[in-house]
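What follows is a set of notes on a single structure, which appears directly below.
Order of listing sets the numbers, starting from 1, for every ligand and every atom in it.
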Amino acid sequence: MNPLNHVAIIMDGNGRWGLKHKNSRNAGHKAGLQTVEKIIKETIKNKIGYLTLYAFSTENWKRPKKEVNYLFNLLENFLINRIEELSKQNIKLKIIGVKKFSNKLNKIITHSEKKTSKNNKLQINLALNYGSKFELISAFKKLSKNNESINETNFEKYLQTKNIPDPDLIIRTGNTNRLSNFLLWQLAYSEIFFEKKLWPDFSIKDYNRIIKSFKKIKRNFGSI
Ligand code: IPE
Ligand code: IPE
Ligand code: MG
């Protein structure tokens with residue numbers, strides 16, 4: 001049985017779900033938040049140490065302003081209303097991505113990260129304004145600026161995921177088989193599961209089914 005210490009999820013399909021059920025993409029984002037809550041609980045139950053959630057990519061700014069604003073409002077309210085409870089559950093929150101948001105959201109994020117910084121049951125990495133290519137370029141720039149020798153250990157110090165083990169398992173919902181600029185370095189040896197279901201329909205049962213399959217995989221890491 002493989003140990004499972006880090007799950008990463010590309011939570012895709014909210015927009016399509018919203019259009020189908022409520023004729024509104026934003027309704028899908030709201031519904032998707034319920035799935036986030038369920039998955040966090042189940043991740044703790046499964047004693048997994050890290051959960052990385054792709055919430056907003058550097059490319060998602062291309063979406064209509066109305067949708068972008070709705071997403072950030074949803075996130076703001078989630079953090080304002082839930083951070084106390086998440087902290088009580090011994091959850092640590094970390095944002096990965098470029099932290100360039102409104103002053104209000106910046107403050108909420110700083111407060112949420114600080115409040116939960118000493119917690120150690122589950123670390124949630126929320127990928128927000130995250131893009132893997134930008135992360136990699138920034139890391140290369142820092143290496144070269146500091147004139148350090150180019151090797152994996154030095155390089156990884158400059159990634160947003162510094163000190164976080166690589167994901168063992170990556171799940172993408174929404175019936176699309178691509179990585180969309182997510183953790184391109186860190187996923188080098190992760191087990192990839194593409195799920196047909198849209199994120200709001202993704203259930204605890206689906207999650208546990210994937211975890212069960214993951215545990216049985218023969219992971220080679222290049223060996224035999
Ligand atoms: C949610 O799914 C992911 C985010 C960018 C917030 P989408 O909004 O991409 O949903 P689809 O793929 O359009 O259905
Ligand atoms: C990936 O989903 C980003 C998030 C889930 C936050 P997208 O819906 O943005 O991906 P593409 O554009 O279909 O590749
Ligand atoms: Mg999508």
Closest protein heavy atom to atom 10 (O) of ligand 1, given as residue, atom name and distance to 0.1 Å | G15 N, 2.9 Å
Which of the atoms in ligand 1, numbered in the order shown and given with their element, are less than 4.0 Å from a heavy-atom of D12?
-> 2 (O), 7 (P), 9 (O), 10 (O), 11 (P), 12 (O)
Give yes if a backbone or side-chain nitrogen or oxygen of Y54 is under 3.5 Å from a nitrogen or oxygen of ligand 2, and no if not.
-> no
At under 4.0 Å between heavy atoms, what of A55 touches ligand 1? The answer is backbone
Mind listing the closest non-hydrogen atom pair of F182 and L187 along with its distance?
-> O-CD1, 3.5 Å
Quick one: which of K92, K99, K94 gives a salt bridge (charged side-chain N to carboxylate O under 4.0 Å, His left out) with E113?
-> K99
Between R209 and E195, is the closest basic N to carboxylate O distance under 4.0 Å?
-> yes
Whether E59 lies under 4.0 Å from ligand 2, heavy atom = no
Ligand-side contact atoms (ligand 1) for residue partner R16, heavy atom cut-off under 4.0 Å | 11 (P), 12 (O), 14 (O)
R25 N/O under 3.5 Å from ligand 1 N/O | yes
Please could you name the atoms of ligand 2 that S180 approaches to less than 4.0 Å, counting only its heavy atoms?
-> 1 (C), 10 (O), 11 (P), 14 (O)
Does N5 offer a backbone N or O that forms a donor-acceptor pair with the side chain of D168 under 3.5 Å?
-> yes
Can I10 be said to touch ligand 2, with heavy atoms closer than 4.0 Å?
-> yes
I would like to know whether E148 and K142 meet salt bridge (charged side-chain N to carboxylate O under 4.0 Å, His left out); could you show each step before the answer?
-> CA-CA 9 Å; E148 288 175 73; K142 281 174 196 151; over 6 Å; no
Quick check, are the ring centers of F56 and Y130 under 6.0 angstrom apart?
-> no
Would you tell me whether N146 and Y158 have side-chain atoms, one donor and one acceptor, within less than 3.5 Å of each other?
-> yes
Short side-chain donor-acceptor distance under 3.5 Å, H29 and E67 = yes
Determine, using heavy atoms of G13 and all atoms of ligand 1, whether some pair is separated by less than 4.0 Å.
-> yes
Please identify which atoms of ligand 1 are closer than 4.0 Å to at least one heavy atom of N60.
-> 5 (C)
Is N181 reaching over with its side chain to a backbone N or O of S132, donor-acceptor style, under 3.5 angstrom?
-> yes
Whether S87 side chain and I83 backbone form a donor-acceptor pair below 3.5 Å | no
Those atoms of ligand 1 less than 4.0 Å from some heavy atom in M11 | 1 (C), 2 (O), 3 (C)
re atom 7 (P) of ligand 2, the protein heavy-atom contact at minimum distance is R63 NH2, 3.8 Å
Atom 13 (O) of ligand 2 [closest protein heavy-atom partner, distance rounded to 0.1 Å] = R178 NH2, 2.7 Å
Do N175 and D12 have a side chain donor and acceptor closer than 3.5 Å?
-> no
Pair D166, W185: side-chain N/O donor-acceptor within cut-off below 3.5 Å | no
Side chain or backbone of F56 under 4.0 Å from ligand 2, or both, or neither, by non-hydrogen atoms?
-> backbone
Any protein N, O or S atom under 2.8 Å from the Mg ion (ligand 3)? Found D12 OD1
Under 3.5 Å, is there a donor-acceptor pair between the D201 and W17 side chains?
-> yes
